[in-house]
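Following: one structure in structure tokens, then a few remarks.
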Amino acid sequence: MSDFYHRVYAVCRHIPEGKVTSYGAIAKFLGSAKSSRLVGYAMNKSFSENGVPAHRVVNRLGMLSGKHHFGGSTLMEDLLYNEGVEVLDDQVQNFKQHFWDPSDHLNPGDFS
DNA sequence: AGCGTGACGTATA
DNA sequence: TTATACGCCACGC
């Protein structure tokens with residue numbers, strides 16, 4: 001639980017369906033605001049983990065920057081769309097509306 | 001123990 | 001406004 005990766009996974013698992021968040025938001029929530037890249041890096045590794053909805057994590061623009069890592073198919077879009085998130089041209093529509101900020105719903109102490 | 005890496009984010013030109 | 005540059009830092013080799 002003290003591992004950065006593990007904390008990232010934990011936060012991701014808490015993302016509700018139909019919601020998305022950003023790498024930066026997660027990084028900030030974990031206390032390493034400048035380690036947003038690590039979050040993405042961690043997501044990559046998350047494929048070996050179970051229950052980590054990596055498709056609900058996009059960059060701060062709501063862009064599916066990681067879809068290429070989902071096999072290059074529309075899998076990521078499909079997953080999101082299936083949860084009620086509109087996706088067009090690799091971008092989440094109404095991103096602000098679907099955005100879910102960890103720091104607004106989770107207690108940082110639970111991840112210490 | 002040092003070096004390269006990256007699904008980001010922000011600052012400049 | 002679009003394009004490029006660079007800082008960031010945990011992880012794996």
Side-chain angles (χ1 to χ4, degrees):
Chain A
M1 189 50 112
S2 53
D3 295 323
F4 188 81
Y5 276 27
H6 210 162
R7 277 182 286 169
V8 172
Y9 303 150
V11 174
C12 289
R13 291 196 202 91
H14 287 234
I15 303 175
E17 279 190 14
K19 294 290 181 179
V20 295
T21 190
S22 71
Y23 306 99
I26 295 174
K28 185 178 179 183
F29 173 73
L30 293 179
S32 303
K34 298 170 184 174
S35 305
S36 50
R37 310 181 64 165
L38 280 306
V39 178
Y41 197 67
M43 299 317 304
N44 213 354
K45 295 286 188 179
S46 79
F47 283 111
S48 57
E49 298 284 327
N50 196 356
V52 182
H55 58 280
R56 292 186 194 145
V57 186
V58 295
N59 67 8
R60 80 178 187 89
L61 302 177
M63 183 165 63
L64 275 55
S65 49
K67 86 168 271 183
H68 202 63
H69 294 269
F70 273 79
S73 62
T74 56
L75 176 61
M76 191 170 179
E77 296 177 22
D78 291 342
L79 289 172
L80 288 172
Y81 205 89
N82 191 36
E83 295 181 356
V85 180
E86 304 168 57
V87 178
L88 181 62
D89 287 334
D90 295 350
Q91 284 199 145
V92 175
Q93 304 300 295
N94 305 314
F95 178 59
K96 191 175 180 181
Q97 179 183 328
H98 291 293
F99 186 74
W100 181 83
D101 190 348
S103 58
D104 278 347
H105 301 268
L106 299 179
N107 182 350
D110 294 340
F111 300 89
S112 53

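Just so it is clear: chains get the letters A, B, ... in the order the sequence lines come, proteins before strands, and each one is counted from 1.
Within 6.0 Å of CG on A:D89 lie no more than 12 heavy atoms contributed by other residues, nucleotides or ligands.
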Give the C-alpha distance, both sets of side-chain angles, the deciding distance and a yes or no for side chain to side chain contact (heavy atoms under 4.5 Å, CB included) between A:H55 and A:D78. CA-CA 10 Å; A:H55 58 280; A:D78 291 342; over 6 Å; no
Just do the ring pair (Phe, Tyr, Trp, His ring centres under 6.0 Å) check on A:F29 and A:H14 with the steps written out, would you? CA-CA 13 Å; A:F29 173 73; A:H14 287 234; 9.0 Å; no
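Computed from coordinates, the A:N44 CG to C:dA10 P distance equals 18 Å when rounded to whole Å. Atom P of nucleotide C:dC11 and atom OH of A:Y5 are separated by 6 Å, given to the nearest angstrom. Distance CZ (A:F4) to C1' (C:dC11): 11 Å, rounded to an integer number of Å.
Both distances falling under 3.5 Å, in either a Watson-Crick or a G-U wobble arrangement, place C:dC6 opposite B:dG9.
If you walk DNA chain B from 5' to 3' and mark each nucleotide with an atom closer than 4.0 Å to a heavy atom of chain A, the marks span B:dG6 to B:dT10.
Listed in residue order, the members of residues 56-69 of chain A having a heavy atom less than 4.0 Å from DNA chain C come to none. Contacts between residues 12-35 of chain A and DNA chain C, defined by a heavy-atom separation under 4.0 Å, are made by A:K34, A:S35.
Note on A:A54: a base of the nucleic acid sits closer than 4.0 angstrom, heavy atoms only. Note on A:F70: a base of the nucleic acid sits closer than 4.0 angstrom, heavy atoms only.
Residues A:Y41 and A:S36 each lie close to DNA chain C; by heavy-atom proximity, the contact nearer the 5' end of the strand is made by A:S36.
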